Amino acid sequence: MSKKLKNMSDTNLLLSITIVVFFAMYLGAMIFQGAGFLKAQTFFNILNAQASLIILSCGMSLVMITGGIDISVGGVTALVSMCCAVYLDYQSGNVFVAVLIALLIGLTFGLVQGFLVAYLEIQPFIVSLAGMFFARGMTTIVNSNPFNVQNEAFVALKGTRIIIPGLGSVNKLGKYVNAYVEIGVIVALLVVILMFIILKWTKLGRSFYAVGGNSQSALMLGINVKRTKFLSHLICGFLAGVGGFVYFLHVGSGSASHASGAEMNAIASSIIGGTMLTGGVGNIIGTFFGVLSLSTIQNIVSSAGLDEPWWIGITIAAMLCLFLVVQSIVMTVRKKQTVQ
Amino acid sequence: MTQNKPAKGTNFLANLTRNQLFIPVAALLLLLVFNLIMDPNFFKITLDHNSVGDPVLSGFLITILDSGSELAILAIGMTLVTAATGGQDISVGAAIAISGSVLLRMLCGSNTRPETLLMPVLVAFVITCVVAMLFGAFNGVLVAVFQIQPMIATLILYTAGRSIAAWINNNELPIISEPSFGYYGGFIPGIPVPTPFFIAIICVILIALALKFTTLRLYTQAVGINEYSAKLNGLNPVFIKILSFVILGLCVAVVGLIKVSRFQTINYSVIAKDIEMDAILAVALGGNALSGGKFNMTASIIGAYVIQCLTTTLYKFNVQSDALPAYKAIVVIALVVLSAPIVREKLSALMPKPVAKEVA
C-alpha cells in the first residue's frame, strides 16, 4: 500500500484525497441527516447552483497549474451578467448575441491580463486584482441598479429543464416529480470534459504543467513559456465569460453585487481539488469534486440547523485550512522520501 | 538608466528618478496639480465647530490626512510582510472587523447599548492587540511553517474573518454613546486636527526607531531576498516571517480602534471593506518589490497618502463609491506597467535623452 502511494504522482495522490473526502462527506450527510440528501434532486440542485462556479474553477485551476492566479473571474462574471441583462432588456436583444457579448468580454479580459502577465512580466496577482477592480467598477458604471430580465426568449431558455429519467422522487402530495438539471450544468460538464482532455492528452496541456512545475526547465525543453502563460490566462478569461453567462442564465438578473466572492470560492475549490498554488500539480476532475465538496459542506451546515450567517464562512475557511495544511504536510513528507 | 552624457543636470535628474521616493511623490504632486487646475476649492480648509462646540478643521486635505492615516498604519505592517515573505496579506480588512468586534465586546459585554464602559478603553485595546496579534501569528504560522503562499494562507482568514467578527458579538451591533470613545477616530476637544493623524505619527516614529536601532530591517530584507542563505547565516526565517505578520496584526488592531471609534459602532460586512487592496497598492506605489526583499518604509507611507488622495479626488468628482475601483484599476495598471522592468528597459532604450527619465 505504502509503496503504491509512493509511486503515485502528486496530482493523483491529491486527487484521490479529494474524491475520498467528498464521498465520505456525502455519505455521512446521507446517513446522519437523511431525508434531503437521499433525494437525487438535492445533488442536481447543487449542480444547478454551482454550474458557473465549476466553469470558473476550471479556468482558475488551469492558471494555477501554470503557476499564476486570476482573481478577476468573479468581477468578470458580474460584468457579463450586467452587460447581457442591459442588452437583453433595454435593447430587447437577441440571446445569441448576448452569448457572443459574454464570450467577448471574457476574451478581452483574458487577452489584456495574459499580455500583461506573460509579456510584460507583471505579477499575476496585481494584474488580476486590477482586473477585478475594473470589472466591478464597470458593472456599476453600466448600470447601478439590480433588475430582473424580462426578455421572453431568455426567460424561456432560463426555464429549460433537462429531465433525467428514473431519478425523480415522490413529493409530499404523492405526485411524481422528475429530476432535472439546467442547461448550465450541461455546459459545465462539457467544459470539464474538454479541459480534462486538453490537459491530459494534448501537447499544449502538458506544457501548462511543465511551465508551472519549473519554467526554467520548460524553456530548455523548447516550450514557449511566455505563450503558454498567455494562453492560460486567455483560456481562463474565456471560461470566465462562459461561466458568467451560465451564472446569468441561472439567476436571470443583473446586479453589481453578483458573484461576490466567486473568485475566492473558485480558488478554494481548486485547492480542495488538489491543485497546488506553486504550479505544476492539479487535475480538472479534482476541481470538479472540489466545487461539489464546497457546496455540499454549505448544504450540510445549513441543513444541520447552524443557520446563523457566520457558520458557512467559518466552515469553508476551516475546510480550506485543513486541505492546505494536509497538502503541505503530504508534500513535505514526500519530498523527504525522494531525498532518501 | 542611461549615463551617456554625464552632465551635471542629467546626473541630478538620473539620481532623482532612481530614488524610490520619486514615484510616490511625483504621483502626489501630479494629483495635487490636477486638482489645482480643475478646482482650487480642493485646497480649502475651513475651521468649523462640531456639534459639541469644539473647533475642527474640515476640507478635502483634512479628509486625506484623516483616512490616509489608517492606510499609512496598515502600510507599515504590509511593507514588512511583503518584504519578508514576498507575498501580501489579503485578510487585513477581515482582521480589522475582528479587532473592532473584540474591542466592542470588551467595552460593552453582552449589553449592546451600555451607559458606561465595562473597562478603560486602553485595557480593552491591549486585549484587542493580543487577539489581533494571535490572528497575525496564525497567518504567520501557515506561511512560515506550512510553507503556504501568503495570499492563499490569508485567504482562510479573509473568508472567515467577517463571520468570526459577527460571531463574537452574536451578530448584534453595539453602539457606544460615551463621547470620549470617539476621540480616537475623531477629534480630541480643543485640537482641530483629526486624531488618527497623531496615532499614525506615533506608529511611524515607533517603526522608525525599531528599524533604526534593531536588526529588524536587515533580517527582514535578508529573509526576503534569499531565505535559504539567510538560514545558512544563522537567521531564523520562520521566526522573522511570523514576526512580520504579528507586527501587521498590531497595526490592524490600531486601525480597528480608529475605525470603531469613528463610527462608535461596527458593521461587520462593510467595515474596512477593500482596505487590503488599498494597503497593497500603497506598498506597490511606494516602489517596493511585491516579490519581497528590499523595502522603503517612507515610500510606502507616502504611497498610502497618495492612494487616499486619489480616492478623495475621485469622490470629489462625484464618482459613485461602487464605480471607484474601475478608475483605481486604470491607475494601478498604468503604474505597474510603467514600473515593469521590461517596459523601463524599452523606454530608456527608445529615448536615451534626459526627457525619458521623467516618463519613467
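Every value quoted in this text rests on a predicted model; they were computed, and no experiment measured them.
- Chain B forms the most heavy-atom pairs under 4.5 Å with one residue out of Ile329(A), Leu320(A), Val112(A), and that residue is Leu320(A).
- In terms of heavy-atom pairs under 4.5 Å with chain B, the best-connected choice from Thr140(A), Ile69(A), Leu120(A) is Thr140(A).
- Formation of a donor-acceptor pair under 3.5 Å by the Tyr209(A) side chain with backbone atoms of Gly282(A) is found in this model.
- Put simply, the side chain of Asn283(A) never gets that close to the backbone of Leu15(A): no donor and acceptor are under 3.5 Å apart.
- Neither the backbone nor the side chain of Leu157(B) comes within contact range of chain A, judged by heavy atoms closer than 4.5 Å.
- In this structure, a donor-acceptor pair under 3.5 Å is present between the side chains of Ser270(A) and Ser61(A).
- With a threshold of 4.5 angstrom between heavy atoms, Met319(A) does not approach chain B through any atom at all.
- Relative ring orientation between Tyr90(A) and Phe147(A) is described as parallel, the plane-to-plane angle staying below 30° on a 0-90° scale split at 30° and 60°.
- Interface remark: of the candidates Ser144(A), Gly75(A), Gly137(A), Gly137(A) forms the most heavy-atom pairs closer than 4.5 Å to chain B.
- By the 4.5 Å heavy-atom criterion applied to side chains, Pro150(B) and Val81(B) are not counted as neighbours.
- Of the two parts of Leu324(A), the backbone and the side chain both hold a non-hydrogen atom closer than 4.5 Å to a non-hydrogen atom of chain B.
- Aromatic pair Tyr119(A)/Phe230(A): ring centres closer than 6.0 Å.
- No side-chain heavy atom of Ser300(B) sits less than 4.5 Å from a side-chain heavy atom of Phe295(B).
- Contacts between Val337(B) and chain A at a heavy-atom distance below 4.5 Å involve backbone atoms as well as side-chain atoms.
- Within the 4.5 Å cutoff, no side-chain heavy atoms of Ser72(A) are placed close to those of Glu263(A).
- Between the side chains of Ser128(A) and His233(A), no donor-acceptor pair is found at a separation under 3.5 Å.
- For Ile164(B), the parts lying under 4.5 angstrom from a heavy atom of chain A are both the backbone and the side chain.
- Using a 4.5 Å cut-off between non-hydrogen atoms, the part of residues 82-100 of chain B that approaches chain A consists of Ile90(B).
- Counting only heavy atoms from C-beta outward, the side chains of Ile280(B) and Phe125(A) approach each other to under 4.5 Å.
- For chain A, no part of Tyr268(B) is nearby; none of its heavy atoms comes within less than 4.5 Å.
- Using a 4.5 Å cut-off between heavy atoms, Ile316(A) touches chain B through its side chain atoms alone.
- The closest side-chain heavy-atom distance from Phe323(A) to Val21(A) is below 4.5 Å.
- Contacts of Leu129(A) with chain B are made by side-chain atoms alone, with heavy-atom separations under 4.5 Å and no backbone atom involved.
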